[in-house]
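Numbers restart at 1 for each chain; the letters A, B, ... are given by sequence-line order, proteins then strands. Remember, it's a predicted structure, so these values are computed and weren't measured experimentally.
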Amino acid sequence: MIDIKVLRDDPERVRASQLARGEDPGVVDAILAADERRRSSLGEYEALRAEQKSVSKNVGAAMGAFQKAKKSDAPDVAELEAAATAARERAAELSDLVKALEAAASAAGDELNALMRRVGNVIVDGVPSGGEDDYVVLETVGAPRDFAAEGFEPRDHLELGELLGAIDMERGAKVAGARFYFLTGVGARLELALLNMAVAQAIEHGFTPMITPTLARPEVIVGAGFMDAHAEEVYHLETDDLYLTGTSEVALAGYHADEIIDLSAGPRRYAGWSACYRREAGSHGKDTRGIIRVHQFQKVEMFVYCRPEDAEAEHQRLLDWEREMLAKIEVPYRIIDTAAGDLGSPAARKFDCEAWVPTQGRFRELTSTSNCTTFQARRLNIRERDPRGAGTRTVATLNGTLATTRWLVAILENHQQADGSVLVPKALQPFVGLDVLTPVG
RNA sequence: GGAGGCGUCGCAUAGUGGCCUAGUGCGCCCGCCUGCUAAGCGGGUUGGGGUUGAUUACCCCUCGCGGGUUCAAAUCCCGCCGCCUCCGCCA
């Protein structure tokens with residue numbers, strides 16, 4: 001949810017953001033009108049409610065006087081009773097009116113909220129306009145290996161995984177269906193090593209490691225923004241009305257929901273380790289081979305709560321920490337600035353790091369870091385004491401990937417040798433306990 | 001799975017239909033007093049929204065959350081969430 005004050009003060013900025021996202025800028029005017037209706041409706045209700053309260057208080061006094069007279073058999077009992085009854089009747093009329101006005105005000109509020117929910121976060125200046133293909137490449141790091149010059153045809157990650165006894169797709173399908181898999185032997189070791197290296201790096205940079213719930217209540221999923229564009233992506237457990245989270249971002253965003261947190265000592269940085277579940281609806285036939293696109297995987301995710309004015313600098317830091325991880329696995333990659341239309345509603349800017357996958361001859365996303373500014377925190381009601389004075393204000397949230405199961409694809413393919421063995425990148429060696437993965441008999 | 005209890009301001013607690021504009025204590029903040037500190041004294045101390053150009057000020061909502069009964073709800077009723085106790089079951 002964006003800040004309605006921004007929309008009131010600078011509607012043009014919101015219109016421009018909507019246009020860049022390829023969404024309806026007209027919703028801005030609809031919101032301004034609905035906001036006007038809500039405020040006048042609320043004013044009417046509150047005025048009458050104030051009157052009703054004072055009248056009702058008089059009823060209390062009249063009733064008191066009457067009861068007292070009745071007890072002491074005073075001569076004016078009948079008059080007092082009549083007065084009390086009359087006052088009560090008048091209060092009853094007012095009460096009905098107030099109820100009607102309250103309903104109207106609440107309906108006007110609902111209408112405004114419904115419109116507000118349709119607006120994505122206001123993009124950060126500089127985000128490219130357009131859709132999925134309109135990203136801007138910010139930097140390319142490293143160069144792809146020339147396998148032709150080395151004299152062999154690279155094997156894809158699944159072929160390597162099977163040679164090494166690291167990946168078993170067939171049995172994954174037998175147990176859980178398509179897009180499920182077993183990591184076995186060195187595959188399991190490699191994933192644990194990667195995730196442990198990510199956690200170690202996070203700790204080194206002051207993050208608090210977290211192991212999070214992977215089921216979340218509806219309000220947390222909605223608050224984190226996963227019921228907008230990703231609604232079809234989320235597994236739902238109907239009997240319990242819980243959702244399987246597609247990333248620990250959900251749990252970490254919900255962690256401080258409805259709290260006023262203290263950021264005076266700097267950002268709160270969490271590194272969440274969790275299994276992630278995605279339905280991959282609508283991607284039938286895409287990436288069906290191997291572990292590139294699967295229903296369940298592991299991820300270490302950075303999640304930060306910080307002051308709104310620090311969010312852009314923090315976003316750069318998250319990107320730097322992602323780059324540090326990518327450097328450790330020694331694969332070529334590029335960084336893209338995602339276009340507005342491909343951001344998803346909570347993000348104001350998103351950088352993806354995409355690693356080179358030799359057998360596909362293209363870059364594939366390994367990390368994604370989003371600056372959600374105050375959008376996510378506003379929905380989840382996460383605030384801080386305003387350092388500039390009285391009151392509270394909404395904090396900013398950001399997230400970014402440190403490692404996922406998909407990274408194994410890039411590691412295996414980029415470090416393979418002609419005989420099907422795979423060299424373990426130096427930084428990863430102490431975590432795996434091996435220098436090289438060799439094919440099994 | 002069954003039975004019961006509880007949820008009030010940062011913390012502790014009072015409040016069982018109108019005197020609640022939610023009291024009291026602790027903590028915290030401001031001031032006074034005081035060689036210093038402590039004590040003492042006085043004041044302040046939930047959050048959200050609205051009116052106003054802004055300040056002051058005023059108004060509405062907020063006693064876990066959402067409904068309902070009533071002229072009037074912290075208080076009565078219903079649902080949900082959370083915590084606790086006992087029994088059963090599983091490990």
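At least one side-chain nitrogen or oxygen of A:Gln52 sits closer than 4.0 Å to the OP1 or OP2 atom of B:A72.
In this structure A:Arg364 satisfies the salt bridge (Lys or Arg N to Asp or Glu O under 4.0 Å) test together with A:Asp287, sequence neighbours excluded. Considering only residues two or more places apart in sequence or on other chains, A:Arg379 meets the salt bridge (Lys or Arg N to Asp or Glu O under 4.0 Å) condition with A:Asp228. For A:Phe351, the ring-ring contact (aromatic ring centres under 6.0 Å, His included) partners are A:His315, not counting sequence neighbours. With sequence neighbours left out, A:Asp310 forms a salt bridge (Lys or Arg N to Asp or Glu O under 4.0 Å) with no residue at all. In this view, A:Trp321 and A:His205 satisfy the side-chain hydrogen bond (donor to acceptor under 3.5 Å, both in side chains) rule, not counting sequence neighbours. In this structure A:His256 satisfies the ring-ring contact (aromatic ring centres under 6.0 Å, His included) test together with A:Tyr270, A:Tyr305, sequence neighbours excluded.
A donor atom on one side chain and an acceptor atom on the other are not found under 3.5 Å apart for A:Gln18 and A:Arg21. Checked by atom type, the side-chain pair A:Asn121/A:Thr373 shows a donor-acceptor distance below 3.5 Å. For the residue pair A:Thr401 / A:Lys299, no side-chain donor-acceptor distance below 3.5 Å is found, with atom types taken as modelled.
If you take atom P in B:G17 and the same atom in B:G49, they sit 35 Å apart, rounded to whole Å. With both ends at atom C1', the span from B:U8 to B:U16 equals 14 Å, rounded to whole Å. B:G43 sits 22 Å from B:G47 when the C1' atoms are compared, rounded to a whole Å. The C1' atoms of B:A54 and B:G15 are separated by 41 Å, rounded to the nearest whole Å. Rounded to whole Å, the separation between the P atoms of B:C36 and B:G25 comes to 27 Å. The separation of B:G48 from B:U55, taken at their P atoms, amounts to 15 Å, rounded to a whole angstrom. Separation of the P atoms belonging to B:U62 and B:C9 is 15 Å when rounded to the nearest angstrom. Nucleotides B:C28 and B:C61 place their P atoms 34 Å apart, quoted to the nearest Å.
Checking B:G7 for Watson-Crick or G-U wobble geometry (two distances, each under 3.5 Å) identifies B:C81 as its partner. Searching all strands for a Watson-Crick or G-U wobble partner of B:G1 with both distances below 3.5 Å returns B:C87. Base pairing of B:G31 is made with B:C41, judged by Watson-Crick or G-U wobble geometry with both donor-acceptor distances under 3.5 Å. When both distances must be under 3.5 Å, the Watson-Crick or G-U wobble mate of B:A57 is B:U51. Nucleotide B:U46 has no partner under the Watson-Crick or G-U criteria, as no pair reaches both atom distances under 3.5 Å. Base pairing analysis places B:U13 opposite B:G23; the two distances defining the Watson-Crick or G-U wobble pair are each below 3.5 Å.
Residue pairs meeting the salt bridge (charged side-chain N to carboxylate O under 4.0 Å, His left out) criterion with at least one member in residues 103-124 of chain A, sequence neighbours excluded, are A:Asp24-A:Arg118, A:Arg37-A:Glu111. A salt bridge (charged side-chain N to carboxylate O under 4.0 Å, His left out) check over residues 234-256 of chain A, counting only residues at least two apart or in different chains, returns nothing.
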What side-chain donor-acceptor pairs closer than 3.5 Å can you find for residues 160-171 of chain A, not counting sequence neighbours?
from     : atom 1 : to       : atom 2 : distance (Å)
A:Asp168 : OD1    : A:Glu170 : N      : 3.3
A:Asp168 : OD1    : A:Arg171 : N      : 3.0
A:Asp168 : OD2    : A:Arg171 : NH1    : 2.8

Are any protein N/O atoms closer than 3.5 Å to N/O atoms in nucleotides 80-83 of chain B? If there are, list each pair with its distance.
from  : atom 1 : to       : atom 2 : distance (Å)
B:C81 : O3'    : A:Arg217 : NH2    : 2.7
B:G82 : OP1    : A:Arg217 : NH2    : 2.7

## Note on the structure
Readout for nucleotides 47-64 of chain B: B = base within 4.0 Å of protein heavy atom, S = sugar-phosphate only, - = neither; 5' to 3' it is SSBSS-------BBS---

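Residues of residues 102-117 of chain A that place a heavy atom closer than 4.0 Å to RNA chain B do not occur.
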